[in-house]
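Working notes, structure below.
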Amino acid sequence: MADLEKQYNPEGIEEKWLARWNEEGTFKAEDTSGKPPYSIVIPPPNVTGVLHIGHALNHTIQDILIRYKRMNGYNALWMPGTDHAGIATQNVVERALMEKGTKRQDLGREEFINRVWEWKGEYGQRIVNQLKRLGASCDWDRERFTMDEGLSRAVREVFVTLYEEGLIYQGEYMINWCPRCHTALSDLEVEHHEKAGHLWHIRYPVDGTDREFIIATTRPETLLGDTAVAVNPNDDRYKDLIGQSVILPIKNFKIPIIADEYVDMEFGTGALKITPAHDPNDFEIGKKHNLPIIKVIGDDGHMTKDAGAPYTGEDRFKARKMIVDELKEQGLLANIEDHAHAVGQCYRCHNIVEPNISKQWFVRIAPLAKPAIEAVEKGDVKFVPKSWENLYFDWMHNIRDWCISRQIWWGHRIPAWTCKKCGEVMVLRDDPEKCIKCGHTGLSQDPDVLDTWFSSALWPFSTAGWPDKTDALKTFYPTSTLVTSFDIIFFWVARMIMMGLKFTGEVPFREVYIHALVRDSEGQKMSKSKGNTIDPLEIVGKFGADSMRMTLTALAAQGRDIKLSEERIEGYRHFVNKLWNASRFTLMNLEGFDTSQTNINRDDLALADKWILSRLQKTIANVREALDNYKFNEAASQIYQFTWGEFCDWYLELVKLRLKGDEEGGTAARHTLSHVLGAILRMLHPVMPFVTEELWEKLMPKAGIIAIAPYPAPDESLISDNIESEIAVVMDATVAIRNIRGELSIKPSTELNAIFRASNAQTGTTLKRQAPFINRLANAKTKLADESFKKDDDMAVSVVAGVEVFVPLGGLAGSDERRQKAEKELAKIEKEIKFFEKKLSNKKFVEKAPAEVVKSDRAKLAEFIEQAKKLKAHF
RNA sequence: AGGCGCGUAGCUCAGGGGGAGAGCACUUGCUUGACAUGCAAGGGGUCGGCGGUUCGAAACCGCCCGCGCCUACCA
């Protein structure tokens with residue numbers, strides 16, 4: 001039994017339990033069950049992904065919730081899976097092809113997709129395997145992938161239904177275009193980062209006059225596609241010019257001067273060049289004024305034929321330089337100004353996106369957003385912390401139609417066909433063989449695929465088998481909780497709510513817990529390019545999964561980001577080790593003791609037993625309360641304090657005497673020890689699953705695995721404030737002696753004598769009864785003062801609540817040192833007295849404050865005065 | 001420009017109307033038979049600033065200062 005190593009070594013133990021859980025099917029949820037359901041769907045990581053510390057936090061929290069509920073008797077399902085991550089995955093596979101010297105275009109669409117599947121087969125389990133190593137208690141048999149047949153059917157069903165209801169439409173609009181990924185992006189997929197740029201002020205001469213506009217632009221290359229200059233109709237400076245023309249520099253075209261309210265008279269010179277093909281606002285203005293659209297930047301980011309020589313074929317940024325040089329040459333560049341502005345970048349490849357006009361598919365979002373807003377308003381979905389609801393509402397109220405088509409190959413192909421003969425467009429659940437209108441068999445399918453987030457939006461119900469009415473759907477949907485970070489509230493959370501309500505009539509989850517972001521120790525976002533990432537697997541290898549999980553849990557306070565460093569994790573490894581050693585000690589003392597027996601006569605329990613049991617009940621209640629309210633750090637800290645500060649520091653020390661040989665009370669002590677340790681292990685299991693399983697197996701060999709053991713529940717009848725204050729006397733007396741020892745620099749190995757004078761009979765009885773324990777803890781021989789006791793010159797004195805402590809020193813310390821120590825103690829007490837005297841002398845306080853506060857303050861004051869009096873009397 | 005969050009011990013942070021807390025770091029002393037990844041004893045803070053509400057504010061309210069983040073089509 002007592003074959004534990006001196007130090008906890010996670011290696012081997014983690015593997016052992018991963019295998020055991022798997023063999024025993026511990027994490028399997030039941031599609032039909034008498035138990036209450038609790039379900040979480042995993043935010044599906046990208047198949048291309050590598051586990052990072054953010055996943056570790058996200059999954060630790062989910063695992064805590066799931067394990068906690070499972071131990072509480074729920075039919076707990078943690079639904080795992082991965083996301084096909086269209087653009088990201090396509091990029092990865094393309095890069096691999098590039099290394100072999102091929103391009104996807106060389107392979108053709110079908111073959112390329114085959115390659116992606118091959119790639120997925122080879123590497124797709126990587127992140128899943130990494131997740132398993134953290135101890136994630138997902139029901140792995142249910143693992144899904146967004147491109148699975150079933151999920152694809154859900155996508156198809158949703159797309160067709162939305163199309164039939166007019167909620168999906170196709171149209172030519174200005175969208176965000178990534179010239180590198182060669183696809184449209186939704187507004188959300190564009191990141192705005194402030195960049196240092198320039199404002200070029202360009203002269204646009206007015207035709208037939210000597211007047212000119214000076215127009216500022218951040219993108220001079222778009223000049224080639226200008227089709228008008230706009231001014232505000234109310235601008236007196238230019239009123240007379242409206243309807244005339246300017247000569248477009250370089251091109252030497254005439255373009256009209258138009259009037260539009262959009263133009264801000266205050267900004268710059270109040271004149272705006274209009275490039276309908278390359279700016280969303282200009283596009284709108286262009287439509288209004290029927291301006292021609294000249295596309296000068298192509299889909300590949302190079303200048304088009306319409307840009308004209310010598311620019312055609314040049315990269316857009318090179319073209320910019322050429323244009324600026326040319327303008328300079330011609331004297332048309334009035335001025336260059338530094339200008340910082342937010343440039344849109346592709347969230348996948350970080351290239352600068354190009355506003356581009358093209359034909360795309362959109363979701364008409366307003367009708368979907370309305371019920372989704374109401375669901376959160378009504379509380380059908382609750383955000384925790386609640387403040388995130390504001391962000392949600394803010395976005396949902398300003399939401400714009402969602403561009404869902406992507407010009408890539410990897411993803412759910414849009415189920416739309418066009419008849420080559422009659423031009424009929426068909427959007428269908430099943431692939432058509434011929435035109436539904438004219439019967440012609442020549443059909444072409446839309447080449448585009450859907451935004452990856454389109455399928456993610458269905459995840460909570462598509463993974464349960466929707467559109468079939470499965471048992472899983474009935475049992476686990478709506479899911480209970482969603483755990484994610486704030487940065488995908490728009491991308492994912494909001495869209496799941498919209499789609500869930502639309503297609504199931506119910507919200508996809510009841511609560512959304514938004515957790516922090518993990519940053520480095522400087523508070524910087526972790527990123528590979530900064531080199532400040534912490535690799536969770538490396539950490540697991542070095543400190544064990546439990547240490548990492550405990551650290552993340554302890555730091556996961558609501559509403560604040562986590563600054564993580566290896567030192568923090570190392571610190572919590574000490575806690576894991578502490579638990580290990582407390583268990584080691586306990587197990588050493590339980591040889592031959594049957595830990596499965598639970599019936600113990602409470603009268604046999606010693607004071608220390610009753611005390612630790614009382615403290616345990618309070619701790620259990622606090623931990624449960626914390627977990628029920630997503631206060632993970634609070635739960636971690638409660639267990640930490642109890643385990644280290646109370647169980648190890650006091651109870652184990654108090655109990656040692658009774659464990660020797662056949663000491664009286666040994667049975668009660670062993671019973672209490674195993675009971676409390678068992679409760680600690682079960683309380684901690686959701687946070688530290690591996691080490692708790694290992695120790696539980698040794699402590700309770702007959703009880704089965706801890707992952708399905710019942711989570712501790714508080715027993716009110718074991719809570720006793722009287723017992724707790726009685727122990728406080730023992731602790732105070734012990735600390736007083738230790739304090740004398742420490743302050744007077746007496747070695748711990750020197751046994752001291754101590755005499756206690758109690759201020760009441762009960763305290764005296766406690767001190768007398770607990771004397772053996774105090775003696776041990778303070779390395780002293782203690783006794784109670786009798787009537788003849790007199791303090792003499794050689795004694796150090798300390799006064800604590802209800803007890804005067806006298807320690808004869810026999811020359812171990814000089815009188816000066818003793819006086820110093822006593823004066824220090826007195827100064828502290830006098831500070832307290834002043835504080836309370838001031839407070840209590842305030843008439844208004846006495847009148848208005850609650851009676852109990854006044855009463856307790858008066859009692860405290862009296863106690864401190866008493867202590868000071870006693871202390872003074874001795875010097 | 002708007003919105004949100006944060007400012008508490010040297011560091012990282014809990015807390016939150018009634019005597020300032022934890023971990024780490026620091027000082028001193030310890031091979032006390034679970035643990036030196038440890039034990040014991042200590043030092044350390046006008047809780048960002050100024051006002052207000054209150055008998056009482058670190059906490060609630062207002063303003064200010066500093067630091068983050070998010071959203072936005074100002075050329």
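In what follows, every chain begins at residue 1, and chains take the letters A, B, ... in the order their sequences are listed.
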Is the shortest side-chain N to carboxylate O distance from A:Glu743 to A:Lys821 below 4.0 Å?
no
Among B:G18, B:A34, B:A14, which nucleotide sits nearest the side chain of A:Asn633?
B:A14
Tell me the partner of [N], counting only Watson-Crick (N1-N3 plus N6-O4 or O6-N4) or G-U wobble (N1-O2 and O6-N3) with both under 3.5 Å; none if nothing fits.
{"N": "B:G29", "result": "B:C39"}
{"N": "B:G56", "result": "none"}
{"N": "B:G10", "result": "B:C24"}
{"N": "B:G16", "result": "none"}
{"N": "B:U71", "result": "B:A1"}
{"N": "B:C63", "result": "B:G49"}

B:G42 and B:C50, which share atom name C1', separated by this distance in whole Å:
37 Å
Whole-Å distance between [N] [atom2] and [X] [atom1]?
{"X": "A:Asp649", "N": "B:C35", "atom1": "CG", "atom2": "C1'", "answer": "11 Å"}
{"X": "A:Ile214", "N": "B:A75", "atom1": "CD1", "atom2": "P", "answer": "18 Å"}
{"X": "A:Met396", "N": "B:U71", "atom1": "CE", "atom2": "P", "answer": "16 Å"}
{"X": "A:Asp260", "N": "B:C73", "atom1": "CG", "atom2": "P", "answer": "18 Å"}
{"X": "A:Glu566", "N": "B:U37", "atom1": "CD", "atom2": "C1'", "answer": "15 Å"}
{"X": "A:Phe575", "N": "B:C39", "atom1": "CZ", "atom2": "P", "answer": "12 Å"}

Give a yes or no on whether a donor-acceptor pair under 3.5 Å exists between the nucleobase atoms of [N], that is its base, and the side chain of [X].
{"X": "A:Lys578", "N": "B:C35", "result": "yes"}
{"X": "A:Glu653", "N": "B:A34", "result": "yes"}
{"X": "A:Tyr8", "N": "B:C35", "result": "no"}

Decide whether A:Asp264 and A:Asn232 meet the rule of one side-chain donor and one side-chain acceptor closer than 3.5 Å.
no
Do the side-chain N and O atoms of A:Glu337 and A:His201 include a donor-acceptor pair separated by under 3.5 angstrom?
yes
